Structures are given as structure tokens and as C-alpha cells.
A.B. asks: 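Let me begin by handing over the structure; questions about it come next.
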Amino acid sequence: MHNITVKVCMGTGGIAAGGDEVLAAFNREIAAAGIAASVGKKCSAHQVGCRGLCAKDVLVDVIINDSKVTYIHVKPEMVSRIVKEHIIENIPVAEFVAGDDYHNFHNKQFKVVLSDCGSIDPEDIESYIAVGGYTAAQKVLGSMSPEETTDLIKKSGLRGRGGAGFPTGTKWEIASKQTSEKKFLICNADEGDPGAFMDRSVIEGNPHAVIEGMIIGAYAIGADKGYVYIRAEYPLAVERLKKALDDARGRNFLGKSIMGSGFNFDILVKLGAGAFVCGEETALIASIEGQRGMPRAKPPFPVYQGLWGKPTVINNVETLANVPYIVRKGPEWFASFGTEKSKGTKVFALTGKIKNSGLIEVPMGIPLRQIIYDIGGGIEGDRRFKAVQTGGPSGGCIPADLLDTAVDFESLAKVGSIVGSGGMVVLDETDCMVNIAKFFLEFTRGESCGKCVPCRIGTKRLLEILERITKGEGRPGDIALLEDMSVDIKMASLCGLGQTAPNPVLSTIKYFRHEYEAHINDKKCPAGVCRDLLTYQVISEACKGCGACLRACPAKAITGDKKQPHVIDPSVCIRCGACFDVCKFKAVKKE
Amino acid sequence: MAGLAAIFGSGAMTNSIREIEGMEVIFIIGSNTKETHPVIANRMIKAYRKGAKIIVADPRKVPMTKFSELFLKMRPGSDVALLNGMARVIVKEGLENKEFISDKTEGYEEWKKAIEEYTPEYVSKLTGIPKDDMIAAARLYGKSRRAGIFYTMGITQHACGTDNVRAVANLATLTGNIGRESTGVNPLRGQNNVQGASDAACLPNVYPGYQRVDQDEVREKFEKAWGVSLSPQCGVTATEMMNAARAGSIKAMYIMGENPVFTDPHMHHTVEALEKLDFLVVQDIFMTETARLADVVLPASCAPEKDGTFSNTERRVQRVRKAVNPPGEARDDLSVIIDLSRRLGYDMGFTTPSEVLEEFGRVWPALSGIDYHRIAKYGLQWPCTSKDHPGTEYLYKDGFPKGKVPFVPVSFRPPVEIADAQYPFVLTTGRNLYQYHSGSMTRRVKQIESHAGDAYVEINPEDAARLKISDHGLVRVRSRRGSVDIKARITTRVSEGVVFIPMHYHEAAANVLTNDALDPVVKIPEFKACAVSVEAV
Amino acid sequence: MAKIKIDGIDTTVAEGMTVLEAARNIGVRIPALCQHPKLTPFGGCRLCLVEIKGFPRPVTSCTTPVSDGMEIVTTSPTIERLRRTVLELILSDHPNDCMICEQAGACTLQELAYEYGLRENRFAGERRVYEKKDGNPFIERDLEKCILCGRCVKVCDEVQGVEAIDFGYRGFDSKIVTSFEDDLNCEFCGQCVSVCPTGALTGKQWAKHGRQMGVKETDSICSYCGTGCTITYHVKNNDIVRVTSKEDTLNEGWLCVKGRFGYKFVSSPDRLKHPLIKKDGEFREATWDEALDLIADRLKKIKREDGPDAIAGLSSARCTNEENYAFQKFIRAAVGTNNVDHCARL
Ligand SMILES: Cc1cc2nc3c(=O)[nH]c(=O)nc-3n(C[C@H](O)[C@H](O)[C@H](O)COP(=O)(O)O)c2cc1C
Ligand code: SF4
Ligand code: SF4
Ligand code: SF4
């Protein structure tokens, strides 16, 4: 008797790629083929959270007994062949099956937080319970004191995954020692970094792990009320989270006297309005309190005076999702991964000019090179790697000669970047570093809440200077000015946003000063990105005088007789690149 | 404020404004504090931020209700019922201050019987306040031992004003919420120097410092101090003056800084009275409605043009300084009076304001410690009985001057005029934030006029709909005494059946309508409730 | 109590006090723009940054509570550099309007720019430009001068309880706004004007009447309601140009619309300037002697013929204690009757 399971990736990426239709097609085909009757096989097609490799959605696993085959880029029209050839005839459809890339992508990873993501049904609490879910909470509530719980987390070495890397056990311990009849635990699922989707994926793929982590945390600190602050732009995550909360309540994993322990705890969902700064803990608190999401100065820290002035622990989604696994498998197990000071694993969103982009989970301390070349499969189009930006708008870039840097809190800080929440953007030779800095500053300038001067006006001024540099209007002294301002803005800003906003500027200057100099002194963009600095020229020797460029130029900047070398008038040229693109003879040169 | 004085010994605020901050419960009844005493409201808000609970009882949803724990929206003139009802709840639930009652009061048992009939159901019927809200308010106030009551004209300007004040006092006495820091009974004075004008005895029955004219030893003291023989007869009150003038028994009046034509109830009577006089002198800064009727008008100075002192609502004597010269030949009132007195053959014996205050202190010990040096920066609160006395922040710390505090039974009497078929609305009057009193000052401030220059009558949306009255539309408000045409302002601030007109606008003067029925004891007219009809025009 | 050290000076202060308050207590001055002693701390202007031993970065002294053993340095080359940069950033987005600004001479920002000698600006760039003027009659809101210190927002909420204004928009585009950006329509207490450290909020009626030069200040008491707020008249050429109230008054510097903006009646052209005597129903100007003699004669006559009780005096709660005292003494001693009252009961 065969045990057949079909799993369709139904994370946001999967759904966007047509996961719904694929799932429907499987259901239809399996029913139509009357498989259960004729072959006697038992099938279920269920929804699965994010598999990580978003570029290859829709991903489908077909598991027959214990042998799993993964299909990539599955479209509904491919389903009938998979059902017929693989499920009925037991011959996998080779041309659809994922290749080495896919397997490398997974083999170099180590999954804790994501271990059940992609294999359990996130909308079914039983599915989580079946893999040991809620046993950690049961153990803690049933047999451990709050002190033992914080000790256990302290021993594991778990540090916050929301950016700052503060030791979670210590945070819990401080909160647990506050004498207040009211305390709160908040799960920070605001995730506002551009390009980051780690937390979304965890909630979509395994919401119960987050809930279980919160139960354990709340018990440890003595909170009876929790909040998940999640951005409204994550409708699927919100929906699954709410369902999971309802189911957990139904099983008395939340509510009064959880599992008969006498411990009360419930969780409310608060939708964030989508401001990056609301992920900052004090702004988040203000937002829950119904005020404008503006950060407050620390100290006092939220563990002492947080929501409504009461001791409050704020933890990131990933931090909390680690907790049940740590409890189940023991702190020693967790501490066996990673480096001396950075334990466990970290989830990253690998994006940019990389072959395998997607969500990855790696042990702390893994060299960047392994992430980029082994897991990521190297640079798209096999171009030259230039740098990798970690930590999003708060982070920095790391150049090629530092590719062997280990990915952990200390090592990344040493080279001028941060682990951050887990954004990892790969840049290649076609990326202009000044432009990259400008991109991040545009983001932070727009997201600054406006409360404090250095960030409100400083990011604007930084951006203005970067803009003028990319326009060829850079002035001598601009680099020094950028550096001076950056240092002051970092030191003088109120919250983490302003304190880190200049990082992309500082690190690009640090490692790519020559690019800045080329922009300012030579009025050139070495990567050929900054439009105002480009010149297009016809190489007379190569020009066949076909006139294609002349016709394509919207500014009528090109002249030339038939069969004669054409000429571009730089004073008329608007640097759109149309000529460059149409020339079949590569006779247009871009500098 | 005879009502309060008769019970506790003084009619003044027992606490100081600063102490509001320390109150646990603030019970505001008949005071639109946020508009009439905005800076005192700031203190109340400060107290609120520190956790104080605020109860507001008013016929209108006044702005302070934004901060109130309980808002008791009551019928105009039903204060006694509410206060007696609350007292009864406190007694029934055993929340009274037994120690205070037995040590410091008298007449408790008798009074207790008198409030027996004010059951929550009955009170709710009389006041229109839901029973449970009234009970909740009683518990909140009754459980606190650091509570303050605040009231203004809403309590006093009724024919039963004295009863209202007594009922307030009973409530404070019952709970012992008086005589301690941040605990007391606080009438808020409407005008800047009501307290001072009373202290200085511009009152017909007392000499400065509330010393009775009908007591021989007192009179003799003043005769000695002033070097003249004095009349042993009590004089007449302002409202009685008008009646006497109409009757012809008063022939001359000297009015300093007042505009009774405008501010007295029943305006037509007042005009008639003043026209009947043989001789009228008005000393003022503007040609007021009253000044127009005068035989001689004297140009006076306003506050920034003279030196002197004002005593604010918390009994604090504060220094007023001259900042500008008066216009033209205008003079300060003091020098005019001294001059005139000399022409009548009596030498006042002082020339400068500080000499006047010194004399005031000599005849009233409560002021004897106060002089211009001591109040150069901060005023001092009387009693301040010697040069090293720090002033008195709250009254009755060391007991009550009359010994025991009496419980005075009072019973609810409906307003003299009640709504009927012909005049189906109850009109209540008052102030708004922007204008002041008769408007002689504020209405000459262009900015204020441009923002709040139009008279209006507040009317509930339901009533407005029924009478087809539109917002800002003109309506005619009519009472037994007269009628005014005025713009409607449709708002839920007032309940159905109640309309409100601010007192400031001569073009639609509320006092054309109001009733000059007087409180029998203190002779305050019933401004706060009369019957009117309203129609669209 | 917490034992702390500020710039090497040992001091003991109450727990819960902020570092800024503790420093001011012992006379150490720390510059600040957004901090206001009567409002909750904000921490936005960043001028009051100090270094505290053991803290990884400078912190704002206005928001940091003291704790036992703290060692605080309020000025250092780094701190001064940061303050300078912050000020320069503020000024890079501020109109250079001091010449014609109502607040010149009483502006905290101007004073700090002066103190730090800031003229050139490394950061010169785009400035906020707001065309729309607020049409309310009392308060000029020139938001290009606003430094977003938030004091006005706080005072309007915390002290006044009105919440008429709040922060709007984000980042560089942040702006203090009313709901829907309508004209301000509030209680017009002007508390916001009084706490604004710049010329962004001023009284409309102040404009062009006189700033600091030649303006004399006189402390007095407001002549409206019975609260008796202490006010300061600012006078130039015998004209009240402004009314303010100091922070250390019993009213804590707070006023209402009448006290703060209701002073123009003083210079009203309607003021009575001469004694007037009515003749045949018409008033004519008279001298004081004429008028007072006439009054004396008539009163004497009535007193003689009808007795003193045929005369009555009405005084005013708006006059001073001294005037009221003199008035009743006049009626009682000079006229001889107790027929004297005032409007208190009304
Ligand atoms: C501008 C800014 C944005 C942030 N956004 C997030 C976020 O989206 N999610 C998050 O978990 N932490 C975010 N943080 C970090 C939080 O302030 C806080 O440190 C974190 O939630 C603590 O959780 P952890 O200890 O589990 O990391 C942000 C910080 C800053 C300064
Ligand atoms: S650093 Fe930026 S985001 Fe943070 S408080 Fe200041 S202005 Fe707001
Ligand atoms: S005038 Fe007063 S009410 Fe109006 S905005 Fe300013 S502080 Fe608020
Ligand atoms: S208007 Fe004035 S008080 Fe308000 S934020 Fe701007 S500068 Fe500060």
C-alpha cells in the first residue's frame, strides 16, 4: 500500500505564482483519475508554507512512501502529467524535477526555525502537534518554573533576531524581575526592511511555533497579555495567524489556565500601518497605545517601562519561533550551532544578482562565500561579484575581498555591517555603489518619523549630497562632509533608524571610495548606472551606418549619412541608451 | 455667598488653586470651568493626569466632561435633588465620615430624616439623571477623603441658590471633605475681584472684613477708625436698589465700573429704575448702556492703568501694576473718590493705594500681615494676620470659627418659573470662553469679535428638527418679560427642552428674558432657569 | 536619593529626576530646544546630549532618569561637535528671517545660533516652503520656522486637553498640523505660542507693534475672571504690544484667550477721555472740577432733602481692593448710608 502525499507551496510567493490553481489541479486530477479506487493509493494535497526558493515557485513535493521528489516552476497544465506519470506510474517527470541548484540550495542550510515550514500545514494545528508542537509549552508550564525557563534560554545563547542581537534570556530575566502586576509580551512582526520577508514566511509557514514561543516567553516573564504587531500588508500571514490563535484557544493553549497550569495568557493581533519605524520597539509601543508611531528615548527601556508604562518584552518573530525548538531539543543542542557568541541559526532573505534567490537558514558563523556561491549558486549571468549588503538600510556592504567573513553578530560588525533582521542583497559589477547608498538613503529619508533633528534633516541632507554626486555635481570635500555628517547623525539620533541610516554611506565610502571619487572628480560612473554621468559615443570604425540608432534616438541627437559612421551630439543626447540597445554591431560605446 | 459663610464661617474658596492638583475626586457642579475659569481647568486636567477622578453635574455637556469619569446631565434647577440624593446614598451605604460628624457637626440626625425622601428613583425623576450614574457619583465622592467640590453661578444664580449652596455644604460635611489640604468646598468667582469687592465690603450689611453694620461694637470701632458717625441701618442690595429707585425712595445713584442695565435680570425694569432717578453718576471706561442714562459720566482707568491689588477666587491678594497711562483726562477711580469725598467735606485719610491697603489691614486683622512689599512677586492668601504669617492656603485647618458645622436641611423646590405649554423650554444663561461679562471689554477686541462676535442660542438637534430650526438660522426666544431674536446653534451640549444663551451680547441680551425672582436670603436673581418659547423666524 | 557626579561635581538628587534637571539644579547649563519644564520630555532636538559613563552612546539628558552612581559629562569636544551639527542642521532648514521675525531677541534658536557662532552652513539645501496661511484671528502659524520640537503639541494635549494639533507627515516633510489641515479652531489659549521656542507661533495682533527694543515689561494681574493669573504687559509707546505670563507664576505661565489676547480694549477709540455732563439730554465735555463739583452739590442736596438713604452706590468687582474700600468708605462715611453693593451676586 503506497502512502502518497502531494505538497504545494502556498506561501505568498507560491500563491502569487499560481499555487492555488496548481493545488486545485492536483485535487481535480487525482479525483478524476480515481486514483484512490484504481491503484488504491491514498492522496492528500495540502497547503504548505514557504519553501524558501521563491524564484522557483510553484514548488511541489510528491512523496511516495519515503521518497520525495521536488518539482519546480509547476504550472496547472503540468499537473496531469505529474499525476499520470509519477503518481500512477511511479516515474517522476524528469524534465520538471528540481536540479542540483535546488538541492545545493537546501543541503548547505541548517533549519531550526524553518524546519517544519514547508512540511506541515500551517492552517492545521494538528499538523504542528504531529511534529511535536506544543510539547515545549506543555513541558515548561507543567514542570518548569519561570526562572528555570529563562535560565534555559540564557543557556542556549539565543540572541534577538530582530536586529540588535540582544540576549533573549537576559531580556526575559530583567522583565521577570520587575515587580508589576501587569506585564506584556509583544511579538514584533512589523518587518519593514525593503526586501525582507523572513518573518512573514515564518508566520505563514508555521504560526504555531511563534505562538508557542510566546506562551513560553510570557510564562517566563509573568505576562498575561501578548500582542503580535504585524504589518497590514501581510494579509495571508495575518489570516493564518488569526486562525492559529483561534485554534490554539480552542485547545486551551491560550486563555485561562493554559493546559490546566493555572497560567493565563492570551494574544491580540495589532495591525501596523506599514511604517518602517513602527518596527522600532518604542515606536511600536506608541502605535499599540494608539499614538503616532514615534520612538521614545531609551532609557527607560521597555523591559522596565514599556506598553502603558508597564514592563514589556518585545521579541522578534524568528526569536520566538526558535524558542519551542530550543525547549524541545535542549539548550545544548541549540548552542552547538554557531560561534562562541552567536549561537544557533539565522534566516536570511537572499536577493539581488544571485542565481538562487530566496529564504535561507544557515548556522551562525558560516562564511559569506558559502552562502553566495554554494547556496546562492553564484552571480546571475556569471558576472563579477562586487559586494553584498547585509542588514538592509541599517547595514553595510561587504566587498569581494572580505567574502570569507563569517556571518555572525561580531564578525559582521567588525567589517562595518550588521546581521540585522536578515536582508542580504548581492551586488555585481553592474551596480553603482554610490547609487546603492542613495537607494537606501531614499528609503530612510522617507521612513524617518521626523521626531529628531539629525535623522529628519540629516538623512535629507545626506541624500541631497548623494544625489548631486550621482548627477555629476559633486564637490570636492563632499566625501569628507558625508563622512562627518554620517558619524554625527549616527551618534546624535534618537532611535535605531537614524543611528544606522548612514551605515550604507559609510561602508560604501569605506570600500568603494574610488567610485565616489570617479563620480566627483572625473564625473564618471564606473558601473555605468548614473545616467547623468554617462556618455554615448559611436565608434566610427565599427559603425556600418545602418541608421538604426538614428531612428531610435528620441532626442534626435544622432546624425549621419547612410553607410557613413554616425555621430552623437553629446549636448543633445539625453542618455537614454536607446542607441546602445538597438545597435547590432556594438558600435555604440557607453562610458 | 452668605449661604456658605453661614455654615462654615466664610463664603470663600476653602482651598487654593494649587491644591487641586492633589485632589483625588473633583466634583464640579454648575460650573463650566473650562470656559469660565480656563486656567483653573488646567489645574483640574493636571490633577486628572495624576489620576484624579472628575464628576461633572451640569444641564449642559460642558467641555470639562471630556475629562470626567461621570457626567450627570441634569435638569436646570434640580441641584438640591441631586445633592440630597447623593447624600442619601452615602448615608445608606455607610460612607459618611462618622468621626467628623460626631466631633465637628450638629443637627445630623434631623437632617438625615429630611433627606430620607430623596430615593434614587425620586431623584432620577427630578433631575433626569440615570439612577446608577447618580449612585456611582455618590460612591466616588463619598468614599474619598480628599475630594473637592467646585461650583459657580450654576449653583448660586437661582431663586433657591442659598439652598443649593447649603446642599453642597451638607455633602462636604457629611464626608468630612473640608478643612484639609486638597479637600474642601470651592465657589469659583466669576469676575477678577469679586472676592476683593466683598472683602472690602461693597455690601450693604457689613463693614470691611464681613463685620456686621448692625452690631454696635463693630460700628463703634469703625466710627473711631474713620472719625465719623455711621448709620446703624443695613443698606439695600443692588437688586433692591433698582426696585427702590423705581419706587422713588432712592433718588441718586453712584455707579462705579458697573453696567447694571445689561447685567441685571429683567433689563426693562432696570432701565425704568435708572431713568426715574434724580441724579445718576457713572464712572466707567466706556459709554455703557448704563452710562448713557447718567447725568454725569466720569472717565475711569482700567486695570493696566493703575496700581492696587485684586483678591482672586482663592483669597489671594495680588499686586496690580500700572503699565500704561490712561487715555485723555481719564483718572483712576481711587483718586476720583478721594477728591469727591473731600468736596463732600470728608477727608478719606489716605492718598496712595498702599495706604488704603494698610488701613484695610488695620480694620480687618485677616489682611494685617499683607503689604505691597510682601506681595511684590507672589500674592498672599488671607487670613494673613502678621508680617511673618505665610498666608492661609486652606481654611478651617484648626476648626470652624462658629464651633460646630450645622447640617441644614434643604428641600427641592422647582425653579420659580417652570416650563409650560406656552413657554415650553427652560432657558439657562451663562458665559462662553471668549467673551467676558457684559462684553464691554472683550467685544472691543477685534480678534475676539471676529471669532465669537455673534449671539446665539444653543438648542438640541431634536428640538430644532421639531421646530424646523436650522443651524445659524434666526429664532425668536420669548419669555414673560420680553423677547430676543437670535441665531440658533444646534448642539447636543444642551438636552431636549433646554436652551442656553450666553449673557454677553447686548444685541440679543439674555437678561431681557430672565427672571428677577430673588433668592430670599442672598438676593441673587434666578439667571439660570426661566421658561421661554422658541420659534423660527 | 541618588548620588551622582556631574562634570566632576558630586551631588545628591531625588530618584526619578532627569539628568537635565539634576544638572540645572546645581547650576550646570545644558542647551535644549524641545525640553520644557512643565511638559513631559520629548528628546527630539538632541541638543541636551550628554555622556554618561558606561553608556555606549551619548543620551539626551532630558529623557534620562538619574540613577545612583551615575557619572555625567555635559560638555566635551564630541558633545559640542554634535550640538553644533544638530544646530546647523536645524538652521539649514530655517528661513533667515531674524531681521523681520516677531520673535527676534526672544528666540531660543536665535540665541543658540548666536552662542555657537553659526553663520555659514555646511548643509545648505532644500527648505520647507508653506504657502498657506492660517486664517484664525489670534495665532500666526509660520511653520517654515517650526523646528518640530513638539512643545506646542504637548502643551495643547497635556496642559490644555484640547489636542488641536499634532505631528503630520513624515521625515523631512513632517509638519505640525490641525486635522485636515484646516485653520486652527481651538480654545486659542495661546499656550502653544507661549512655549514655542522660535518664531513659528506668535500672536497675530503682536505683529509690527514692537519686539524687544524699547519694550518695557510690567507684571500685573489679569482683569478678567477670578482666577487671577499673573500676567506681564509688554508696553511700547504707552501701548500694550503683548501679554505673556511667566513660568514661575502661580498660574504656571498658562493663560486663556481673554487674558492673553483680549487686551486691545485698553487702547480702544471708544474709551471715555473726558468727564461728561448731560444737558438737555445731550452729553458735553466738562472739566474734572466742574463735574466733581456738580456731583458734590447734587449729592449734598439730596442728602439734605431726602436723607442719606436716598443715595446708593454700586461698585464693581472689576475695581481694585483699594478702590472698593475707598468707595464703600465714601458711601458710608461721606454720604452716610449703607446702601452700597457690588455685582458679585450677579
Ligand atoms: C527602525 C527600526 C525598525 C525595526 N524593525 C523591526 C522589525 O521590523 N522587526 C523586528 O523584529 N525588529 C525590528 N527592530 C528592532 C526592534 O526595535 C527590537 O529590537 C526587536 O524587535 C527586539 O526583538 P529581539 O530581541 O527578538 O530581536 C527595528 C528597529 C529599528 C530601529
Ligand atoms: S532617528 Fe529618525 S526615526 Fe528615529 S526618532 Fe529620530 S527621526 Fe524618528
Ligand atoms: S491656542 Fe491652546 S488650544 Fe489652541 S492649539 Fe494652542 S494650545 Fe491648543
Ligand atoms: S510650532 Fe513651535 S512649539 Fe510647535 S513644534 Fe514648531 S517650533 Fe515647536
Side-chain angles (χ1 to χ4, degrees), chain A residues 273 275-278 282 286 291-301 304-305 441-465 467-468 475 477-478 480-482 484-499 501, chain C residues 16 18-19 33-34 40-49 51-52 55-65 67 78-79 81-94 121-128 147-150 153 157 166-176:
Chain A
F276 176 52
V277 73
C278 285
T282 59
Q291 294 165 348
R292 183 178 154 95
M294 267 191 174
R296 277 189 350 227
K298 298 181 281 194
F301 289 88
Y304 300 98
Q305 280 175 43
L441 255 298
E442 268 162 8
F443 177 79
T444 38
R445 190 240 83 141
E447 293 294 329
S448 161
C449 81
K451 177 170 181 174
C452 75
V453 174
C455 170
R456 179 179 77 238
I457 309 179
T459 53
K460 163 81 176 168
R461 298 294 177 238
L462 280 176
L463 178 60
E464 281 176 348
I465 298 172
E467 275 169 347
R468 75 177 178 231
R475 305 168 194 162
D478 271 355
L481 182 57
L482 282 174
D484 287 353
M485 277 173 84
S486 294
V487 170
D488 290 357
I489 292 169
K490 278 169 66 90
M491 235 193 273
S493 286
L494 191 157
C495 86
L497 193 151
Q499 287 164 3
Chain C
T18 66
V19 170
L33 278 166
C34 67
T40 55
F42 186 62
C45 80
R46 319 304 291 168
L47 283 175
C48 73
L49 287 172
E51 287 166 0
I52 300 179
F55 281 42
R57 55 167 59 245
V59 290
T60 38
S61 54
C62 71
T63 57
T64 310
S67 62
T78 313
I79 290 292
R81 192 192 74 226
L82 293 178
R83 286 181 186 155
R84 224 187 137 76
T85 298
V86 165
L87 269 174
E88 221 177 322
L89 282 169
I90 294 175
L91 293 171
S92 75
D93 184 29
H94 196 87
N121 200 309
R122 290 177 290 162
F123 311 128
E126 187 191 329
R127 283 206 287 106
R128 291 162 298 158
I147 59 166
L148 292 145
C149 70
V153 174
D157 171 16
D166 201 353
F167 284 84
Y169 309 104
R170 274 192 214 168
F172 189 74
D173 309 310
S174 298
K175 183 180 178 189
I176 306 298

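Residue numbering restarts at 1 for every chain, and letters A, B, ... go by the order of the sequence lines. Being a predicted model, the structure only gives us computed values, none of them experimental.
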A.B. asks: Contact part of C/Phe42 toward chain A, heavy-atom cut-off under 4.5 Å: side chain, backbone, both or neither?
C.D. replies: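 The answer is both parts of C/Phe42.
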
A.B. asks: Looking at C/Ser92, is its backbone amide N or carbonyl O close enough to the side chain of A/Arg461 to form a donor-acceptor pair, meaning the two atoms are under 3.5 Å apart?
C.D. replies: yes

A.B. asks: Count the heavy-atom pairs under 4.5 Å between each of A/Gly446, A/Ala275, A/Pro300 and chain C, then report the option with the highest count.
C.D. replies: A/Ala275

A.B. asks: Nearest heavy-atom pair of C/Arg57 and A/Lys490: which atoms, and what distance?
C.D. replies: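 It is NH1-O, 2.8 Å.
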
A.B. asks: If you measure from CD1 on C/Ile79 to CE on A/Met491, what distance do you get to the nearest 0.5 Å?
C.D. replies: 8.5 Å

A.B. asks: Quick one: of A/Val453, A/Val487, A/Ile489, who has the most non-hydrogen atom pairs under 4.5 Å with chain C?
C.D. replies: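 Greatest number of close heavy-atom pairs with chain C: A/Val453.
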
A.B. asks: Counting heavy-atom pairs closer than 4.5 Å to chain C, which one of A/Cys455, A/Pro299, A/Ala297 comes out on top?
C.D. replies: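 Top option by heavy-atom pairs under 4.5 Å: A/Pro299.
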
A.B. asks: Is it true that C/Asp173 and A/Arg445 make a salt bridge, defined as a side-chain N closer than 4.0 Å to a carboxylate O?
C.D. replies: yes

A.B. asks: Which region of C/Arg122, side chain (C-beta onward) or backbone (N, CA, C, O), has a non-hydrogen atom less than 4.5 Å from a non-hydrogen atom of chain A, or is it both or neither?
C.D. replies: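 Answer is both: backbone and side chain atoms of C/Arg122 are under 4.5 Å from chain A.
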
A.B. asks: Mind checking the OG1-CG spacing from C/Thr63 to A/Leu494? Nearest 0.5 Å is all I need.
C.D. replies: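 Going from the OG1 atom of C/Thr63 to the CG atom of A/Leu494 covers 7.0 Å.
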
A.B. asks: Is chain C contacted by the side chain of A/Ser493, its backbone, both, or neither, given a heavy-atom distance below 4.5 Å?
C.D. replies: backbone

A.B. asks: Between C/Ser174, C/Ala124, C/Gly125, which residue shows the highest count of heavy-atom pairs closer than 4.5 Å to chain A?
C.D. replies: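 Looking at each option in turn, the highest pair count goes to C/Gly125.
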
A.B. asks: Identify the heavy atoms of C/Glu126 and A/Lys460 that sit nearest to each other, and give their distance.
C.D. replies: OE1-NZ, 2.5 Å

A.B. asks: Could you check which of C/Thr78, C/Leu47, C/Ile90, C/Leu33 has the highest count of heavy-atom pairs closer than 4.5 Å to chain A?
C.D. replies: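 That would be C/Ile90.
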
A.B. asks: Between A/Met485, A/Lys298, A/Arg468, which residue shows the highest count of heavy-atom pairs closer than 4.5 Å to chain C?
C.D. replies: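 Ranked by heavy-atom pairs under 4.5 Å with chain C, first place is A/Met485.
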
A.B. asks: Could you check whether any side-chain heavy atom of A/Cys449 comes within less than 4.5 Å of a side-chain heavy atom of C/Phe167, counting everything from C-beta outward?
C.D. replies: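 No, their side chains stay 4.5 Å or more apart.
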
A.B. asks: Nearest 0.5 Å please: distance from the NZ atom of A/Lys451 over to the CZ atom of C/Arg46.
C.D. replies: 8.5 Å

A.B. asks: Scan A/Ile457, A/Leu462, A/Leu481, A/Ile465 and name whichever one has a side chain to side chain contact (heavy atoms under 4.5 Å, CB included) with C/Phe123.
C.D. replies: A/Leu481

A.B. asks: Within the structure provided, determine whether C/Arg81 and A/Asp484 are in side-chain contact (heavy-atom separation under 4.5 Å).
C.D. replies: no

A.B. asks: Between C/Leu148, C/Thr64, C/Leu49, which has the largest tally of heavy atom pairs under 4.5 Å with chain A?
C.D. replies: C/Leu148

